[in-house]
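These notes concern the structure reproduced below.
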Amino acid sequence: AASLALYFNEPVSVTNFNASKLVLRERNTSSFVRLSEASTATVGFDCQAIVSLSTGDVNAVGAALITTPFLQHPDDGVLEDFFGNKGVAGCGPPGGLDEHTRAPDYESSSVGLTRGSALPEGPVAVVQALDMEAGRLRIQFFHDIEMSKGVNVTAITVAGSDSSDAWSHRLTNGSYASAGAYDGAGEALIEITLHKRDVDAIKLADASSGVAPLATSVFDTFVGLDATFVRSKDGKTNVARRLGDSSIGGVPANAMTPDETAPSVTYLSLDMDAGSFVLTFDEPVRASEAVVTRIALSKSSAAILETSALTSSSTVVESGASRTVSIKLSDADLDELKRVDGLCANRTTSHVSFLDFTFLDRSAAENPAAAISGRRVDAFAKDSTTPKLEYYSLNMESKVISMRFDEPVVVASFNASCLTLQEDLARADGQSYRFTDDTYALDTSAYDSTAVTRLDVQIGPDDYEAINSLSRLGKSETAARITARPCLVEDVAGNLFDPIPDEAARATDAFAPDSTAPELLRFQVDVDAGTLTLNFTEYVFFGSLDASLFEMHSAEDGGDSVALTDATTADTLESYDAYYYWDSRAQHAYYSFGDTITLQLAMDDLDAIKASAVAADGASSWLSASTGAISDMTGNGLAATGGRKPGAGYIADATLPKLSAFDLDLDQGTLNLEFDESVDDDTLDLTKVLLTPDGVRASGTTLIGGGGPRDGPFWARGVYVVRGNASLSNEVYVALGETNLDAIKQKRLDAGKAFLA
């Protein structure tokens, strides 16, 4: 299709275009063709109208042999400017393109509108070129201008589209203008050097993520001008180019140089107290899209081991673009920076590295910030916050206290004497115990660290026994609170612990009581003293003793057995009366504690033992225990022995039996002897028994019968044992026989006046 380009010195409108006002004439001849109204026009750019010749007009031009046309519009009215002024008569070809702006050059051309047109109304900007790399904006006018009258750069708005609601930035006074004046041929060019803050503001634009919505190409670069921008030589203000105006909107770009320079870091700030790391760049970057996992901090510029890379748990605070990238360090990353020995302790031990493509600018080219390696931070704020306890658990089974702090604490700084375990909120209201150096900190981290967030504390044996000796403390979750003084521990910056005061003792977050049943470790029997000493694997509560669940044996299998009775329980607890008190809070009697208890064998139990083959010597001393024979301090019953346990010590009976009483019955002819312990009736020797009426040997009579088996010649009725095993008992019943009875009667002895020796 044939077309014709018309150039004017100001923006034009084709709304009322009339092609019949145009004449094409062959140069130096009389041949011409007047175009018809069938040819139409469109606006190429503000000052250009493109005429599409109708088929009839094309044919007419060809028939007239017009090959080097000269255009005339002898009649006003071919088209109008935006103020309704008609096109002027006389027109010629354009003068080419300007070498700087590539806009049409109207020099040596007979082009224009009538003198009553828009020109006296003031200069009109028709095209502009923005160079984001050099920070320069050029605006071209087809009108005279007078820069000495002042250029108001704040009248300029750079926008992403020719729309009133486009993302835009109005220049500040920091930018300034310089340019050549009107050249007399219809052109004027104003060059504006943009201030750095204006360039950054244009790049920042909507402060959103991704590429900037303006000034990245000719398609998203428009300029709006207020009427206060510049004046003509005769003092007329420029015609406003309002963005989005339906008649004459913003100034389009015919050239645009995008930003091609990579952003660079200008300032680094690390705040270990607030957990904040801020990077400042020389231009806006896509902050919210920063890849934090490509950032690392190191102890020195060349450190390899003392280095910690950030993880995805640390996040960028900004939601879009910014000159600063503020990274909120996660607890995990901040703790890791503190954990590594000496890392980020001060400015000299805080260096930053990041890889390429960690940060991008907002240009369409997405220029990545160049990687940096081991750059020391410019500002540093040390941690000044006291470490706080976030979690506390007590495991009395493993004897471990676990404490989790809100930041790493130095393992070696732990001071057990600054920690108290107590039953109630207030120490005075219940049982309590302050730990000693017997309790110590463990490093259970996965690294060889000097600082950890989780500190496990091993309760020492002395401290554990002291706690275990108390009837309630540490036995249940409700009786396991802690208080702590500032000296408990300190963080890597030397800040002391945030104390937990008395009367506000902290309850445990998790509690595990002692759940291991005590076991019988060894025992010793003292037949002479009538005691049985038991050793256990842990402290036991004496008040829980049930002696009836212990049984003594003469052999590992089979043999004689003697089960102890409740009488031994009673006698044993009576022996601990000095420690007795009634614990009204726990509702039980307290009879001391220990890992060793000595049972006081009741007389009947001891006699039964002596009357049997049990504990005749060390080899015949065996003991078994049923479940629950005694309990530990938490209430775990004794574990059953499973089999019989051999004695670890034995003391034989070395005390002679003593005659406690006797009963002489002359009517029945019997003599009943009672001893303080069991005796063997087979060893009875009547020849060593003297009966007297007055306690004088000379007036008495010695019994006859000798020692020996009970079926001897002088044993009419024999001797029998009332109770006990075999022939052992503490009572011996003697049938005196006629000889002894006659001798006694001759001495005039009777039960009322008889003495025995």
Side-chain angles (χ1 to χ4, degrees), residues 131-135 160 167 196 199-217 219-221 256-271 275-330 332-334 336-337 340 343-344 350-379:
D131 188 337
M132 290 296 289
E133 184 70 10
W167 286 109
K196 181 67 167 60
V199 174
D200 286 349
I202 293 171
K203 293 177 179 179
L204 184 62
D206 58 351
S208 185
S209 58
V211 175
L214 73 156
T216 64
S217 70
F219 303 107
D220 60 9
T221 305
M256 195 276 162
T257 303
D259 174 20
E260 297 176 349
T261 301
S264 60
V265 174
T266 60
Y267 196 81
L268 296 171
S269 174
L270 178 63
D271 189 332
S276 175
F277 174 44
V278 180
L279 304 94
T280 303
F281 291 86
D282 61 352
E283 65 171 300
V285 295
R286 291 154 66 169
S288 62
E289 300 167 67
V291 186
V292 295
T293 56
R294 301 173 73 87
I295 304 172
L297 288 99
S298 57
K299 186 175 181 180
S300 66
S301 59
I304 297 176
L305 297 178
E306 294 101 343
T307 298
S308 179
L310 300 186
T311 69
S312 58
S313 60
S314 288
T315 56
V316 176
V317 175
E318 289 79 11
S319 59
S322 173
R323 275 192 64 196
T324 60
V325 180
S326 305
I327 299 174
K328 178 61 178 175
L329 299 174
S330 67
D333 284 349
L334 186 60
E336 184 66 8
L337 293 178
V340 178
L343 176 60
C344 296
S350 304
H351 295 76
V352 179
S353 301
F354 62 75
L355 303 175
D356 287 331
F357 294 97
T358 302
F359 306 95
L360 303 174
D361 70 8
R362 301 205 73 196
S363 69
E366 298 182 323
N367 302 305
I372 63 173
S373 178
R375 172 170 169 169
R376 182 181 296 180
V377 298
D378 300 284

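Reckoned from all heavy atoms, side chains included, excluding hydrogens, waters and symmetry mates.
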message: Working to the nearest 0.5 angstrom, can you tell me the gap between Ser363 OG and Glu133 CD?
response: 9.0 Å
field: Worked verdict on Val340 versus Thr307 for side chain to side chain contact (heavy atoms under 4.5 Å, CB included)
entry: CA-CA 8 Å; Val340 178; Thr307 298; over 6 Å; no
field: Non-neighbouring partners of Asp206 that pass salt bridge (charged side-chain N to carboxylate O under 4.0 Å, His left out), sequence neighbours left out
entry: Arg362
query: Which heavy atom of Ile202 sits nearest a heavy atom of Ala215, and at what distance?
result: CG2-CB, 3.5 Å
message: Please check: side-chain N/O of Ser322 versus main-chain N/O of Val325, any donor-acceptor pairing under 3.5 Å?
response: no
query: Passes side chain to side chain contact (heavy atoms under 4.5 Å, CB included), Thr324 versus Leu279? Steps please.
result: CA-CA 6 Å; Thr324 60; Leu279 304 94; over 6 Å; no
statement: residues 257-266 vs salt bridge (charged side-chain N to carboxylate O under 4.0 Å, His left out), sequence neighbours excluded, gives Lys203-Asp259
statement: CD of Glu318 to OG of Ser326, rounded to nearest 0.5 Å, is 4.0 Å
query: Any sub-3.5 Å donor-acceptor pair from His351's side-chain atoms to Lys299's backbone N or O?
result: yes
- request: Please report the shortest heavy-atom distance between Gly135 and Val199, naming the atom on each side.
  value: CA-CG2, 4.2 Å
- request: Answer yes or no: is there a donor N or O on one side and an acceptor on the other, between the side chain of Asp333 and the main chain of Leu329, under 3.5 Å?
  value: no
- request: Starting from the C-alpha separation in whole Å, work towards a yes-or-no answer on side chain to side chain contact (heavy atoms under 4.5 Å, CB included) for Val352 and Val377.
  value: CA-CA 7 Å; Val352 179; Val377 298; 3.8 Å; yes
field: Rounded distance (nearest 0.5 Å) linking atom OG of Ser217 with atom CE of Met256
entry: 7.0 Å
- prompt: Would you say the side-chain atoms of Asp282 and Thr266 include a donor-acceptor pair closer than 3.5 Å?
  reply: no
message: With rounding to the nearest 0.5 angstrom, report the OG to CG distance, Ser264 to Asn367.
response: 11.5 Å
query: Can a donor-acceptor pair be found between the side chains of Ser298 and Glu306 at a distance below 3.5 Å?
result: no
query: Taking the inter-plane angle between the rings of Phe281 and Phe354 on a 0 to 90° scale, is it parallel (under 30°), tilted (30 to 60°) or perpendicular (over 60°)?
result: tilted
query: Would a 4.5 Å heavy-atom cut-off, applied to side chains only, mark Pro213 and Asp220 as touching?
result: no
Tabulate below the donor-acceptor pairs under 3.5 Å that side-chain atoms of residues 289-296 make, not counting sequence neighbours, or state none.
from   : atom 1 : to     : atom 2 : distance (Å)
Glu289 : OE1    : Arg286 : NE     : 3.3
Glu289 : OE1    : Arg286 : NH2    : 2.9
Glu289 : OE2    : Gly210 : N      : 2.6
Glu289 : OE2    : Arg286 : NE     : 3.1
Arg294 : NE     : Asp356 : O      : 3.2
Arg294 : NH2    : Asp356 : O      : 2.8

- request: Provide the closest heavy-atom pair for Ser330 versus Thr311 in the form atom of the first, atom of the second, distance.
  value: OG-OG1, 4.4 Å
message: Leu270 vs Val278, test: side chain to side chain contact (heavy atoms under 4.5 Å, CB included). Steps then yes/no.
response: CA-CA 6 Å; Leu270 178 63; Val278 180; over 6 Å; no
- prompt: Are Val265 and Thr280 close enough that some pair of their side-chain heavy atoms sits under 4.5 Å apart?
  reply: no
- prompt: What's the shortest heavy-atom distance between Leu214 and Gly160, and which atoms?
  reply: CB-CA, 3.4 Å
task: Calculate, to the nearest 0.5 Å, the distance between atoms CZ and CG belonging to Phe277 and Leu337 respectively.
output: 10.0 Å
Minimal non-hydrogen separation, Asp361 against Thr261, with atom names: OD2-O, 3.5 Å
- line: d(Leu297 CG, Leu343 CG) to nearest 0.5 Å is 6.5 Å
field: Distance-minimising heavy-atom pair for Cys344 and Ser350
entry: CA-OG, 3.2 Å
message: If we ignore hydrogens and angles and just use 3.5 Å, is the side chain of Ser353 paired with the main-chain N or O of Gly374 as donor and acceptor?
response: yes
